[in-house]
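Remarks on the structure that follows.
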Amino acid sequence: MERKKTKEVRIGSQIIGGGNPIRIQSMTNTKTEDVAATVSQIHRLEAAGCEIVRCTVPTMEAAAALAEIKKQITIPLVADIHFDYRLAIAAIENGADKIRINPGNIGSAERVKAVADAAKERNIPIRIGVNSGSLEKELIEKYHGVTAEGIVESALDKVRMVEDMGYDNLVVSIKSSDVLMCVRAHELIAEKTDHPLHIGITEAGTVTSGNIKSAIGLGLILHQGIGDTIRVSLTGDPVEEVRSAKLILKTLGLRRGGVEVVSCPTCGRTQIDLISLASQVEEMVADIPLDLKVAVMGCVVNGPGEAREADFGIAGGCGEGLLFRKGEIIKKLPERELLGALRRELLLYQQEQTP
C-alpha cells in the first residue's frame, strides 16, 4: 500500500511520520505517582514491543514523577494532560518527550499559548487529541449529531489555533468508539493535514470485543495508507494492547519480525489438547526474534500438508504428535515433549542464522 505523506516528528528517540515505520504505543494504568509500579509496567510493555508509552498526569506529583520515570526507561515518554494547563507545563519541565492535550478542555487561549510556548522552547511535540465524546455543542448542532465531519472540524480548528500561536510541531489524534465513524473521520482528515496521525479506536472494550473493533477499524484505516503511530485501546493489561497492535501491523504487511503462530480451529479428528498447546506455543515463542511462521495443527493426517507454508510446526495425534519443518516430518514425539522440542528447533535455527 502507498502511505500518505506526512511531516516527520521526533518523539524522544523515535521519529514518526514521513514514511517512517508505524510506531506502537500503549498507556500505563498504574498511578503515575507510584514510580516503581509505573516503571515496572513500562519495562513489561517495552519487552512486548511497545515503542512509545503514555502516562496520565492528573497531579503535580505525577508531573514531578516523570523525571524519575524517564531515568529508568529507554522508550519515549508521553504525558497525558486534561483540564489544567499548569500540569502540561510541569510535565514538559520534567522531561516529557511529548504531551497530549485537548485545547478545548485546557481553558482560555492564553493558557493554550502558555503550553505551546513551553513546548516550543524545548521543541517538544504536542499531540492534539479530539474524541467524539468531547465534541463541542455547536458542532453537534451544526452537523445534527456527532459525526465524522464534526470531529475533523473540531480537530483542525485546534490545530490552527496552535499553529497561529507560532508552533507546528504537532501530532493529531481523532478517535471514536464508533468504528465506521472513526474510519470516515480519518479518511477526511488525511486529505486536510500533513501532520502525522496517531490512530486508534477509543473505548473499544474488553480484550475480545476491543480486539475485533480495533482490527476492523485500524485495518481499514491503515490499509488506505493512513496512520503514523498506533494504539489498540483495550480494557485489560496494556501488554495485550501491544501484542494486538503488532499482530494488526504484521497482518497488513506493515511490520516484520517475530514469530507468527497459526493454528487450526480443531474438529472431531483432534486427539490432542490443541487449544492449550497453541496458547503455550504463543507464549513460548514471544521472546524469539525470528521472522518465522509456526503452525500448531490438530491432526497428523492433514496437519503437515495444511501447514506446508509454515517454517516449523506441530501436528497432533493421539497422545503424540509430529514435529515438522517446511512440511517435512522431523520426528514423532509424545505430546508432553512437543513444546520443548519445538523450542529447541527454533533456538537451533536461530543459532544457524546468527553470523
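Using a 4.5 Å heavy-atom threshold, the side chains of L292 and E260 count as separate. The closest side-chain heavy-atom distance from V239 to Q41 is not below 4.5 Å. No side-chain heavy atom of L323 sits less than 4.5 Å from a side-chain heavy atom of I329. Side-chain contact between V296 and V262: absent, with no pair of heavy atoms (C-beta onward) separated by less than 4.5 Å. With contacts defined as side-chain heavy-atom distances shorter than 4.5 Å, the pair Q353/Q350 does not qualify. In this structure the side chain of T6 never reaches within 4.5 angstrom of the side chain of L197, judged on heavy atoms. You'll find the side chain of E345 reaches within 4.5 Å of the side chain of I330, heavy atoms only. Contact annotation: the side chain of I106 never approaches that of N102 to less than 4.5 Å [non-hydrogen atoms, C-beta and beyond].
A single hydrophobic cluster is not seen to contain both V152 and V171; linkage of ILVMFWY side chains at heavy-atom distances under 4.5 Å, directly or through other members, places them apart. In the hydrophobic clustering of ILVMFWY residues, with side-chain heavy atoms under 4.5 Å counting as a link, L234 and I230 come out together. Hydrophobic clustering, with ILVMFWY side chains joined whenever heavy atoms are under 4.5 angstrom apart, groups I201 together with L249. In this structure, I73 is not a member of the same hydrophobic cluster as I11, with clusters built from ILVMFWY side-chain heavy atoms closer than 4.5 Å. Follow the hydrophobic side-chain contacts under 4.5 Å out from I128 and you never reach F83; the two are in separate clusters.
S154 places no side-chain N or O within 3.5 Å of a backbone atom of G150 that could act as its donor or acceptor partner. Not a single donor-acceptor pair under 3.5 Å links the side chain of T28 to the backbone N or O of V53. Within the 3.5 Å criterion, the main-chain N or O of T56 finds a donor-acceptor partner in the side chain of T32. With hydrogens and angles ignored, the 3.5 Å screen pairs no side-chain donor or acceptor of T147 with any backbone N or O of Y143. A donor-acceptor pair under 3.5 Å is formed between the side chain of D311 and the backbone N or O of K293. In this structure a side-chain-to-backbone donor-acceptor pair under 3.5 Å is present from R10 to G12. Counting only distance, with no hydrogens or angles, the side chain of T38 and the backbone of D34 share a donor-acceptor pair below 3.5 Å. When atom types are taken as modelled, the side chain of K113 and the backbone of V162 share no donor-acceptor pair closer than 3.5 angstrom. Checking side-chain atoms of Q224 against main-chain N and O of L220 turns up a donor-acceptor pair under 3.5 Å. Checking side-chain atoms of D97 against main-chain N and O of L77 turns up a donor-acceptor pair under 3.5 Å.
The shortest non-hydrogen separation linking V172 to A155 is CG1-CB, 4.4 Å. When all heavy atoms are compared, the tightest approach of A91 to L66 is CB-CD1, 3.7 Å. The shortest heavy-atom contact between P58 and E33 is CG-OE2, 4.3 Å. Across all non-hydrogen atoms, the minimal contact from P103 to V112 is O-CG2, 4.0 Å. Nearest heavy-atom pair, A90 versus M60, reported as atom, atom and distance to 0.1 Å: CB-SD, 3.7 Å. Contact record, S176 with I151: CB-CD1, 4.3 Å, taken as the closest heavy-atom pair.
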* Take H198 and R100, measure what side-chain hydrogen bond (donor to acceptor under 3.5 Å, both in side chains) needs, and give me the verdict at the end. => CA-CA 11 Å; H198 169 94; R100 186 270 190 189; over 6 Å; no
* Please assess E191 against H186 for the test side-chain hydrogen bond (donor to acceptor under 3.5 Å, both in side chains), listing each intermediate value before the final yes or no. => CA-CA 9 Å; E191 299 172 353; H186 282 86; over 6 Å; no
* Under the side-chain contact (heavy atoms from CB on, under 4.5 Å) rule, what do I75 and C50 come out as? Steps first, then yes or no, please. => CA-CA 8 Å; I75 58 177; C50 183; 4.2 Å; yes
* side-chain contact (heavy atoms from CB on, under 4.5 Å) between L222 and I248, worked out -> CA-CA 9 Å; L222 291 165; I248 289 170; 4.0 Å; yes
* Check against side-chain contact (heavy atoms from CB on, under 4.5 Å), I16 and I52 -> CA-CA 11 Å; I16 66 169; I52 301 170; 4.3 Å; yes
* **Criterion side-chain contact (heavy atoms from CB on, under 4.5 Å) on M181 and V146, from CA distance to verdict** => CA-CA 9 Å; M181 182 188 296; V146 177; 4.0 Å; yes
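Interatomic distance, CD of E46 versus CD1 of I24, reported as 12.5 Å (0.5 Å rounding). One distance of note links CZ of F312 with CG of L348; it measures 8.0 Å at 0.5 Å rounding. If you take CD on E335 and OG on S276, they are separated by 8.5 Å, rounding to the nearest 0.5 Å. Here CD of Q351 is found 7.0 Å from CG of L347. Values are rounded to the nearest 0.5 Å. In this structure, CE on M297 lies 7.0 Å from CZ on F324, to the nearest 0.5 angstrom. Distance check, rounded to the nearest 0.5 Å: CG of N211 to OG of S209 gives 8.5 Å.
Between E153 and K142 a salt bridge is recorded (basic side-chain N to carboxylate O distance below 4.0 Å). Between K331 and E337 there is no salt bridge, since no side-chain N of the basic residue sits under 4.0 Å from a carboxylate O of the acidic one. Classification of E187 and R184 as a salt-bridged pair holds, one side-chain N sitting under 4.0 Å from a carboxylate O. Looking at R44 and D237, a side-chain N of the basic residue comes within less than 4.0 Å of a carboxylate O on the acidic one, giving a salt bridge. No salt bridge links E328 with R325; every basic N to acidic carboxylate O contact stays at or beyond 4.0 Å. Taking the charged nitrogens against the carboxylate oxygens, E241 and R231 do have a contact shorter than 4.0 Å, which makes a salt bridge. Residues E51 and R255 are paired through a salt bridge, judged by an N-O separation under 4.0 Å between the basic side chain and the carboxylate.
Side-chain contact annotation: E110 with Y85, donor-acceptor N/O pair under 3.5 Å absent.
Results of the salt bridge (Lys or Arg N to Asp or Glu O under 4.0 Å) test with D228 over R23, R127, R3, K7 single out R3 as the only residue that passes.
Annotation for K4: atom NZ does not count as buried by contact number, only 12 or fewer foreign heavy atoms lying within 6.0 Å.
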